[in-house]
Amino acid sequence: MTDLAELSDFRATVRALARKTFLDGYLERAKSGTYPRDTLKVLGDNGLLGLCLPEEHGGQGAGLRALGIACEEVAYADSACAYQVFANNVAAELFLTTGSPEVIDDWLAPTVEGRAVCAIALTEPGSGSDAQGLAAKAVPVDGGWELSGEKTSITQGPDADVAIVVARESDSGRISAFVMPMDAPGISRQRFDDPGFRAVGRGSIMMDRVSVPVSHRLGAGGRGFALIMQEFDLTRTLIAYMVLGIAHRAIDLTIEHVRNRTSFGKPLSHYQGVTFPIAEHLTHLAAVRALADSTLDARSAGRPHTVEAAMLKWWAPQVGFQAVQECVVLHGHLGWSEEMPLQALLRDVSGFQIGDGTPQIQKLIIARAAIGPEVMAR
């Protein structure tokens with residue numbers, strides 16, 4: 001799906017579904033901290049969890065632009081539901097393109113249909129941005145592997161049915177990725193008490209000699225780290241689209257407020273001190289979308305896009321956070337209330353500033369590409 005008219009129709013369809021189905025329940029879900037498996041099933045039933053997969057594998061064959069649109073439109077209604085779109089599409093792609101026939105048989109259909117919650121377990125207590133410094137071990141045993149170690153800050157980890165775990169092979173020292181069913185013996189979990197994204201949750205996964213079959217290593221040995229890094233170029237771009245959805249909802253709420261709220265006998269929209277910030281944030285968001293669209297186009301065409309993805313990852317959450325924060329202020333005392341969704345939107349968008357790599361790491365990626373890593377290392 002690359003035709004602009006088709007993409008426009010797709011946006012309208014997803015928008016109608018998301019706003020009818022998810023919009024009104026956002027604030028309740030954001031406060032509850034209970035994983036919304038019902039919304040995951042709705043997304044699967046409507047074909048939004050395998051958008052880029054071929055139709056013969058249960059997908060839509062829709063392309064990356066459609067995936068970006070889905071992340072944005074669902075995030076407008078509920079950022080946690082958008083994360084479900086994000087996570088299951090990424091996991092489904094990894095299962096299909098790098099998984100064995102056994103992995104595909106076991107996990108592709110449940111992921112695409114919304115019957116499985118998927119998590120990617122990379123971060124560890126001693127290695128966040130330094131992903132190559134991970135300590136989790138994969139020990140080869142007869143018939144497969146035993147995984148041991150701790151993963152932390154894993155979104156959807158507390159409720160995941162399956163996790164893609166990145167670990168270091170004990171015999172070779174290579175970093176590989178493994179598909180780990182979360183009901184396997186030797187797994188324990190901890191849920192974090194976070195301010196935002198409470199519905200999908202974040203936590204730790206502890207592994208004590210967890211057995212996975214030999215067929216559950218993704219790709220060739222030692223390719224696990226490269227596989228995840230390649231996906232980061234996609235996930236960092238998709239985060240920009242989710243930020244767009246969150247920020248535009250806050251701005252739409254604010255436009256409605258300033259049209260109807262009066263001060264000194266006139267609507268707030270009469271004052272440039274109110275309307276100019278809205279104009280500025282809309283401009284910044286349009287620039288984010290332009291960069292995100294071009295980045296997805298580069299990925300679809302097989303062109304390098306790591307730098308552009310890094311630019312989006314540090315910049316888009318900053319733009320989105322500033323927009324939502326301004327909307328809180330423009331609402332006055334109403335913006336401070338938990339009865340409105342603005343505080344929940346602000347908490348959710350703030351999490352994107354950290355997840356999938358901090359701003360500092362993204363700027364380092366950009367600077368190394370521009371200046372040269374050998375020069376910066378002097």
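At least one side-chain heavy atom of Lys31 sits under 4.5 Å from a side-chain heavy atom of Leu27. Looking at Phe95 and Ile164, their side chains come closer than 4.5 Å, going by heavy atoms from C-beta outward. Within the 4.5 Å cutoff, side-chain heavy atoms of Ile251 are placed close to those of Ile255. Inter-residue side-chain proximity for Val349 and Gln322 is flagged as unmet; no heavy-atom pair is nearer than 4.5 Å. Residues Val74 and Phe86 fail the side-chain proximity criterion, which asks for heavy atoms closer than 4.5 Å. Residues Val165 and Trp145 fail the side-chain proximity criterion, which asks for heavy atoms closer than 4.5 Å. The shortest side-chain heavy-atom distance between Val288 and Leu244 falls under the 4.5 Å cut-off. Counting heavy atoms from C-beta on, the side chains of Phe197 and Thr155 never come closer than 4.5 Å.
A salt bridge does not link Asp356 to Lys313: none of the charged side-chain nitrogens sits closer than 4.0 Å to a carboxylate oxygen. Of the charged side-chain nitrogens involved, none lies within less than 4.0 Å of a carboxylate oxygen, so that Arg249 and Asp348 do not count as a salt-bridged pair. Between Lys137 and Glu124, no side-chain nitrogen of the basic residue sits less than 4.0 Å from a carboxylate oxygen of the acidic one, so the salt-bridge criterion is not met. A salt bridge links Arg191 with Asp159; the closest basic N to acidic carboxylate O contact falls under 4.0 Å.
Atom CG of Leu330 sits about 6.0 Å away from atom CD1 of Ile278, to the nearest 0.5 Å. The CG atom of Leu67 lies 10.0 Å from the CG atom of Leu53; values are rounded to the nearest 0.5 Å. A distance of 11.5 Å separates CG in Asp9 from CZ in Arg11, rounded to the nearest 0.5 Å. Atoms CG and CD, from Asp208 and Glu146 in turn, are 9.0 Å apart once rounded to the nearest 0.5 Å. Taking OG1 of Thr358 as the start and NZ of Lys363 as the end, the distance is 9.5 Å to the nearest 0.5 Å. The distance from atom CD1 of Ile154 to atom CD of Gln156, rounded to the nearest 0.5 Å, is 11.5 Å.
Counting non-hydrogen atoms of neighbouring residues, nucleotides and ligands closer than 6.0 angstrom, the CD atom of Glu28 reaches no more than 12 such neighbours. Shown here is Glu256, whose CD atom has no more than 12 heavy atoms of other residues, nucleotides or ligands within 6.0 Å.
Note on Met229 and Leu134: same hydrophobic cluster, where clusters join Ile, Leu, Val, Met, Phe, Trp and Tyr whose side-chain heavy atoms are under 4.5 Å apart, directly or indirectly. A single hydrophobic cluster is seen to contain both Leu234 and Trp314, as judged by linkage of ILVMFWY side chains at heavy-atom distances under 4.5 Å, directly or through other members. Phe276 and Tyr271 fall into different hydrophobic clusters, where Ile, Leu, Val, Met, Phe, Trp and Tyr are joined by side-chain heavy atoms under 4.5 Å apart, directly or via other members. Note: the hydrophobic cluster containing Met180 does not contain Leu96 (ILVMFWY, side chain heavy atoms under 4.5 Å, direct or indirect links). Tracing side-chain contacts under 4.5 Å through hydrophobic residues (I, L, V, M, F, W, Y), one never reaches Tyr26 starting from Leu23; they form parts of separate clusters.
A donor-acceptor pair under 3.5 Å is absent between the side-chain atoms of Asp78 and the main chain of Gly25, judged by distance alone. A donor-acceptor pair under 3.5 Å is absent between the side-chain atoms of Lys41 and the main chain of Gly114, judged by distance alone. Using a distance-only test at 3.5 Å, with no hydrogens or angles considered, a donor-acceptor pair links the side chain of Gln343 to the main chain of Gly335. Arg189 places a side-chain N or O within 3.5 Å of a backbone atom of Gly157 that can act as its donor or acceptor partner. Although no hydrogens or angles enter the test, the distance criterion places a donor-acceptor pair under 3.5 Å between the side chain of Arg168 and the main chain of Gly173. Thr262 places no side-chain N or O within 3.5 Å of a backbone atom of Gly265 that could act as its donor or acceptor partner. A donor-acceptor contact shorter than 3.5 Å is absent between the side chain of Ser337 and the backbone of His333. A side-chain donor-acceptor contact under 3.5 Å links Thr254 to the backbone of Ala250. Tyr35 places no side-chain N or O within 3.5 Å of a backbone atom of Val117 that could act as its donor or acceptor partner. Panel note: side chain Asp183, backbone Asp161; no donor-acceptor pair is recorded below 3.5 Å.
Heavy atoms only, all atoms of each residue included: Met182 and Ala160 are closest at CB-O, 3.3 Å. Closest of all the heavy-atom pairs between Val307 and Ala369 is CG2-CB, 3.4 Å. When every heavy atom of Val212 is checked against every heavy atom of His216, the shortest pair comes out as CB-CB, 4.4 Å. Residue Leu49 comes nearest to Val85 through the heavy atom pair CD2-CA, 3.8 Å, listed as atom of the first residue, atom of the second, then distance. Nearest approach of Arg29 to Pro36, heavy atoms of both residues: CD-CB, 3.9 Å. Annotation for Arg236 and Leu312: closest pair O-CB, 4.3 Å, computed over non-hydrogen atoms.
Side-chain contact of Asn88 with Thr111: a donor-acceptor pair under 3.5 Å is absent, judged by distance alone. Between the side chains of Thr39 and Gln84, at least one donor-acceptor pair of N or O atoms lies under 3.5 Å.
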Practice item. Any chance you could lay out the salt bridge (Lys or Arg N to Asp or Glu O under 4.0 Å) test for Glu73 and Lys20, step after step, and finish with the verdict? Key: CA-CA 12 Å; Glu73 292 297 337; Lys20 177 183 178 181; over 6 Å; no
Practice item. With side-chain contact (heavy atoms from CB on, under 4.5 Å) as the test, would you mind laying out the steps for Thr152 and Arg202 before giving the verdict? Key: CA-CA 8 Å; Thr152 193; Arg202 184 177 67 101; 5.8 Å; no
Review point. Step by step, would you call Ser32 with Arg198 a side chain to side chain donor-acceptor pair (under 3.5 Å)?
Key: CA-CA 7 Å; Ser32 72; Arg198 296 180 63 85; over 6 Å; no
**Study point:** Test salt bridge (Lys or Arg N to Asp or Glu O under 4.0 Å) applied to Asp297 and Arg65, step by step
**Key:** CA-CA 8 Å; Asp297 288 348; Arg65 280 284 199 105; 2.9 Å; yes
**Study point:** side-chain contact (heavy atoms from CB on, under 4.5 Å) assessment of Leu218 paired with Phe178
**Key:** CA-CA 6 Å; Leu218 294 178; Phe178 302 85; over 6 Å; no
**Study point:** Worked verdict on Gln362 versus Ile365 for side-chain contact (heavy atoms from CB on, under 4.5 Å)
**Key:** CA-CA 5 Å; Gln362 309 313 313; Ile365 292 170; 3.9 Å; yes
Exercise for review: Begin with the C-alpha distance, continue with both residues' side-chain angles, and end with the deciding distance and a verdict on ring pair (Phe, Tyr, Trp, His ring centres under 6.0 Å) for Tyr83 and Phe352.
Suggested key: CA-CA 11 Å; Tyr83 194 90; Phe352 282 131; 7.4 Å; no
Point to revise | Full working for side-chain contact (heavy atoms from CB on, under 4.5 Å) between Ser211 and Val141 | key: CA-CA 9 Å; Ser211 295; Val141 295; 5.7 Å; no
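The side-chain hydrogen bond (donor to acceptor under 3.5 Å, both in side chains) test applied to Ser148 returns no partner, not counting sequence neighbours.
Cation-pi geometry between Arg15 and Tyr76 is not satisfied (NZ or CZ under 6.0 Å from the ring centre, within 45° of the ring normal).
Under the 4.5 angstrom side-chain criterion for Ile, Leu, Val, Met, Phe, Trp and Tyr, Phe192 has no cluster partners at all.
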